[in-house]
2 protein chains.
Amino acid sequence: MTATSATPEKRTLADEAYTELKSRVIRSELVPGAKLSIDGLAKQLAFSQTPIREALARLESEGLLARRPLSGYTVEPLLSAAEFEDLFEIRMMLEPRAARRAAEARPAGLVAAEAEALKIAARTPGTGADKLDFTEADARFHDSVAELSGSAQLAKAIRRLDAHLHLHRAYIEPESIEETEVEHLAIADAIIAKQPLAAEEAMCRHLERSQIRHRAAFEAARTTEPAPKPKRAKATR
Amino acid sequence: MTATSATPEKRTLADEAYTELKSRVIRSELVPGAKLSIDGLAKQLAFSQTPIREALARLESEGLLARRPLSGYTVEPLLSAAEFEDLFEIRMMLEPRAARRAAEARPAGLVAAEAEALKIAARTPGTGADKLDFTEADARFHDSVAELSGSAQLAKAIRRLDAHLHLHRAYIEPESIEETEVEHLAIADAIIAKQPLAAEEAMCRHLERSQIRHRAAFEAARTTEPAPKPKRAKATR
DNA sequence: ATGCTCACAATCCTATAGGATATGTCGCGA
DNA sequence: TCGCGACATATCCTATAGGATTGTGAGCAT
């Protein structure tokens, strides 16, 4: 879940199914409204129903899927235009504060390693990278800043917005990768230099520009596919 | 989930198990660190393992339980003092804004009904009510304000803080019920009167005072039971 | 007496089959 | 054309069995 997890944790089949299904939703292999059949997925992924059920339950509780009690799971729709704006409004409430707190006094011991890790996280994948790679790198950086805020609650709140998940479902502007990296580095530098106000300000500006960059792509995604209304959403067998 | 859901939705056994277990955690029948045995719970609740697993998966994804892959589920610890302060800091970022937006222009159609509902939600249970009733009433009011903000994203973010859940786990100051109601009514009046700044300010003050009220109880809870360290946490059979 | 190794029991995880119930569709009659 | 009832589908739930892993406790060596 966290980008900084270094433990080689044991992975159960339920975890496997969870990440696989989540990935499919994010990369739009499962479009909004699509129906998910439990034993269909079980056969397809080649393990039994139990781990599938657990994965679906988790995804539902995260808001990616909806469950209608005796009818099955379906994929939740994309963010509306209003929800998109709301999402960034909330990010503007939380993330600049996280950046500020990350730049404020912290135990000065492991700063060197942290600084290094942060600079690395700020980098975006170069040429030849997938769109998804870019989204994930961006998510990792924002997660890192949130973690460095020192507030587990704040980090959790930011993570649960699932901002990058929603953004990638809508689309990505690949030509903005370099801009993003510049802005990330500005934030990272301010944090490392322990300049709280500069970090807060840099995060603010980054979010504003990111919102503008994504808005275009988002509008495009909404208008090009205005809900084809398939009356029989084919179950993913 | 939402306090305003009026649909008589169908409830599966998994839902049943979910609410039952969540209730047990909130009312501290299941203390932090307690171990949850799957087939123990299945026998106790008298249905099979599958719905139990689904309920546990959901609770884990919400952060109430922790899962160690081949060892079972355990109840997550209470908020630490720092996390308690962080939680209120985040609430201060989100909830006053929600109150402001709720007071801003909304479609003027259903205002009468909404205003009535909000005033009702602002009331706290009178004498003879359980502590849990008070917590739930408080949660309902804050949820109502969040919903009235018109931003589904903001409402979701606030809801996912699970603020009242954490507070009730720690304890409640029953003598502060009247103060709470007064403050709630001030917020509700400002919203109904469409005074955004007043509503924001009232929510701010309410949160500040609420933080003070709960802090005492919270400190007490933390000091009176400083983790008894039971080396064999008894599984709830 | 202390520390280490091994075996046992408990528990979790997975897999599979089958019954009960609700949904959605199709066809029939008014 | 519209409403009603039966069928097929799909889901939810149950039950059970076997493989895998963790943690405990006994036994032995030092």
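Here is the naming used below: chain letters follow the sequence lines, and residue numbers restart at 1 for every chain.
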J.: Name the closest nucleotide to the A:Thr12 side chain, picking from D:dC12, D:dT22, C:dT14.
T.: C:dT14
J.: Salt-bridged, B:Arg53 to B:Asp39, with N to O below 4.0 Å?
T.: no
J.: Determine yes or no for a side-chain-to-main-chain donor-acceptor pair under 3.5 angstrom, with A:Ser23 supplying the side chain and A:Thr19 the backbone.
T.: no
J.: Have a look at B:Asp86 and tell me which of A:Arg101, A:Arg97, A:Lys156 forms a salt bridge (Lys or Arg N to Asp or Glu O under 4.0 Å) with it.
T.: A:Arg101
J.: Out of C:dT23, D:dC13, C:dA15, which nucleotide sits closest to the side chain of A:Arg68?
T.: C:dT23
J.: Look only at the side chain of B:Ser71 and the backbone of B:Arg68, and say whether a donor-acceptor pair between them is shorter than 3.5 Å.
T.: no
J.: To the nearest Å, give me how far apart CD1 (A:Ile38) and P (D:dA10) are.
T.: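 Computing the A:Ile38:CD1 to D:dA10:P distance gives 13 Å.
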J.: In dot-bracket notation, what is the pairing pattern of DNA chain D, taking Watson-Crick (N1-N3 plus N6-O4 or O6-N4) and G-U wobble (N1-O2 and O6-N3) contacts under 3.5 Å, with [ ] crossing and | for other strands?
T.: ||||||||||||||||||||||||||||||
J.: Looking at the side chain of A:Ser48, which of C:dA15, C:dC12, D:dC13 is the nearest nucleotide?
T.: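 Nearest nucleotide to the side chain: C:dA15.
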J.: I need the NZ-P distance between B:Lys43 and C:dA10, as an integer number of Å.
T.: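 For the pair B:Lys43 NZ and C:dA10 P, the rounded distance is 11 Å.
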J.: Output the rounded distance in Å from CZ (A:Phe47) to C1' (D:dG19).
T.: 17 Å
J.: Any ring-ring contact (aromatic ring centres under 6.0 Å, His included) pairs touching residues 135-157 of chain A, not counting sequence neighbours?
T.: A:Phe141-A:His184, A:His142-A:His164, A:His142-A:His184, A:His142-A:His206
J.: Could you tell me whether the side chain of B:Ser28 and the main chain of B:Val31 form a donor-acceptor pair under 3.5 Å?
T.: no
J.: Knowing that exactly one of A:Arg159, A:Lys22, A:Arg160 qualifies, which makes a salt bridge (Lys or Arg N to Asp or Glu O under 4.0 Å) with A:Glu62?
T.: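 By the salt bridge (Lys or Arg N to Asp or Glu O under 4.0 Å) criterion, A:Glu62 pairs with just one of A:Arg159, A:Lys22, A:Arg160: A:Lys22.
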J.: Between A:Thr50 and A:Ser71, who's closer to the 5' end of DNA chain D by nearest nucleotide?
T.: A:Ser71
J.: Between atom CG in B:Asp39 and atom P in D:dA15, what is the gap in whole Å?
T.: 13 Å
J.: Starting from P on C:dC13, measure out to CG on B:Leu56 and report it in whole angstrom.
T.: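 Taking CG of B:Leu56 and P of C:dC13, I get 10 Å after rounding.
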J.: Which listed nucleotide (C:dT14, D:dT22, D:dC12) is nearest to the side chain of B:Leu70?
T.: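 Out of C:dT14, D:dT22, D:dC12, the nucleotide with an atom closest to B:Leu70's side chain is D:dT22.
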J.: May I have the distance from A:Gln49 (atom CD) to C:dC13 (atom C1'), rounded to whole angstrom?
T.: 15 Å
J.: Could you check how far CZ of B:Arg11 sits from C1' of D:dC12, rounded to whole Å?
T.: 15 Å
J.: Identify which nucleotide among C:dT14, D:dC12, D:dC13 has an atom closest to any side-chain atom of A:Leu13, counting heavy atoms from C-beta outward.
T.: C:dT14
J.: Between atom CZ in A:Arg67 and atom C1' in D:dC13, what is the gap in whole Å?
T.: 12 Å
